[in-house]
J.: 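Below is a structure I'd like to ask you about.
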Number of protein chains: 2
Amino acid sequence: MKKLDSSFKLIKEKLHKAGFKLTPQRELTVEVLLEKEKDHLSAEEIYLLVKAKNTGIGLATVYRTLEILTELQIINKLTFQDGIARYDLNMGSDKHQHHHLLCLKCGSIEEVKQDMLFEIEKEIERDYHFLVKDHRLTFHGICRNCAEQDKEDESDVNVNG
Amino acid sequence: MKKLDSSFKLIKEKLHKAGFKLTPQRELTVEVLLEKEKDHLSAEEIYLLVKAKNTGIGLATVYRTLEILTELQIINKLTFQDGIARYDLNMGSDKHQHHHLLCLKCGSIEEVKQDMLFEIEKEIERDYHFLVKDHRLTFHGICRNCAEQDKEDESDVNVNG
DNA sequence: AAATAATCGACACTAAGTCTCAACTACTAT
DNA sequence: ATAGTAGTTGAGACTTAGTGTCGATTATTT
């Protein structure tokens, strides 16, 4: 757990430097976020996971902590089409958001780490005189797993029909 | 109002063909959407605009109508970072969503009609084995107006200070 | 160890959106 | 043109994500 430990320390430092207290509730919230690094958790989910660590925490506290972490750019707040906010560790600390692949079948969210939009941002700035600060790019489609599942189902139908 | 008229007829036809009744509430909702083509209205805003045409309509009806229109791909339902659904006429009838420029200062939403992501989608499909059906791309930044405003304010400060 | 400013949890509240159901109406076929 | 009917409507109850309030608590500083 070396990597998590160092990230954990770094985040705690950031919080402290910004003048926030290091309460156990905040530490546990960060802990959960680090442990579920790959997921895109909602506030409710984070709340339940922190509570599951046999600790009490209020939902409002989770929201407040997430707000602070977003402010400090430790996490990103994302809203996909369902309108529910999800949170995403900003490990790379790039100023630009990475992209997401949202599966329409299973709802999974995969990340695309590279930033493919550099050229397009230049185009936007030139053609629309719009000063780009950040972007959100989500592809909607069918993930690898679901596509394979679909293929299997199809051949099942062919065999049985 | 030739263009609006023909769009209006087309939409009504689509509704009818899909087996939906052409109620005055639905017609008025479509009318509002056509009149405010450039805006990105929320359900609440559409509701008020329809009511303003000295007609009664229920909020639930607006939601239901918007759901149907989204289903039939006559409009697109968009959720930006505030989590409120906004609606957007799908005039071009391209299967792919156009892009948006969201100003962080004034909140305006501008459209980018071209689809700049063709190559990137190919990359995603190749590298991630993800079958892309659609995308959502929003640039966050400062629009032309606000940038100019900022410049003016700055020179004011210089003159007065 | 005491002072204190930040933080906490419980719960009331807001707001977007959905559900329910009795009343109504656009369409279809006569 | 009219009646029958399935789809639709509006009012308001409900759900759910998220915010605000406030008295009690606690991490930090001295």
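The sequence lines fix the lettering, A, B, ..., with proteins before strands; numbering per chain opens at 1. Since we're looking at a predicted model, the values are computed, not measured.
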J.: Nearest 0.5 angstrom please: A:Q97 CD to A:T138 OG1, how far?
T.: 8.5 Å
J.: Need to verify one output field. Residue with the more 5' nearest nucleotide on DNA chain C, B:A43 or B:T23?
T.: B:A43
J.: Taking atom P of D:dG18 as reference, at what distance in whole Å does atom CD1 of B:I84 sit?
T.: 12 Å
J.: Roughly, in whole Å, what's the span from OH in A:Y63 to C1' in D:dT16?
T.: 9 Å
J.: Checking all strands, does B:L59 fall into the base, sugar-phosphate, or nothing category for heavy-atom contacts under 4.0 angstrom?
T.: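 Result for B:L59 = nothing.
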J.: Starting from the 5' end of DNA chain C, give me the residue, B:A85 or B:R64, whose nearest nucleotide shows up first.
T.: B:A85
J.: Counting the atoms with a prime plus P, OP1 and OP2 as sugar-phosphate, which does B:R26 contact under 4.0 Å by heavy atoms, base, sugar-phosphate, or nothing?
T.: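 The residue B:R26 makes sugar-phosphate contact but no base contact.
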J.: Find the distance between CD1 (B:I75) and CD (B:Q73) and round it off to the nearest 0.5 Å.
T.: 11.0 Å
J.: Please identify which of these residues, B:E110, B:H100, B:R86, meets the side-chain hydrogen bond (donor to acceptor under 3.5 Å, both in side chains) condition with B:H40.
T.: B:H100
J.: Between atom CD in B:Q25 and atom C1' in D:dA11, what is the gap in whole Å?
T.: 14 Å
J.: Without decimals, in angstroms, what is the distance between A:L66 CG and D:dT19 P?
T.: 10 Å
J.: Just compare D:dG7, C:dG9, C:dA16 and give me whichever is closest to any side-chain atom of A:I57.
T.: C:dG9
J.: If I take atom CG in residue B:L15 and atom P in nucleotide D:dT8, what distance separates them, rounded to the nearest angstrom?
T.: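 These atoms are roughly 9 Å apart.
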J.: To the nearest angstrom, how far is A:D82 atom CG from D:dT16 atom P?
T.: 14 Å
J.: Taking CD from A:E67 and P from C:dA6, how many angstroms apart are they, rounded to a whole number?
T.: 16 Å
J.: Going by atom types only, do B:E121 and B:H135 share a side-chain donor-acceptor pair under 3.5 Å?
T.: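 A donor-acceptor contact under 3.5 Å links the two side chains.
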J.: What's the CG-P distance between B:L22 and C:dC27, to the nearest Å?
T.: 5 Å
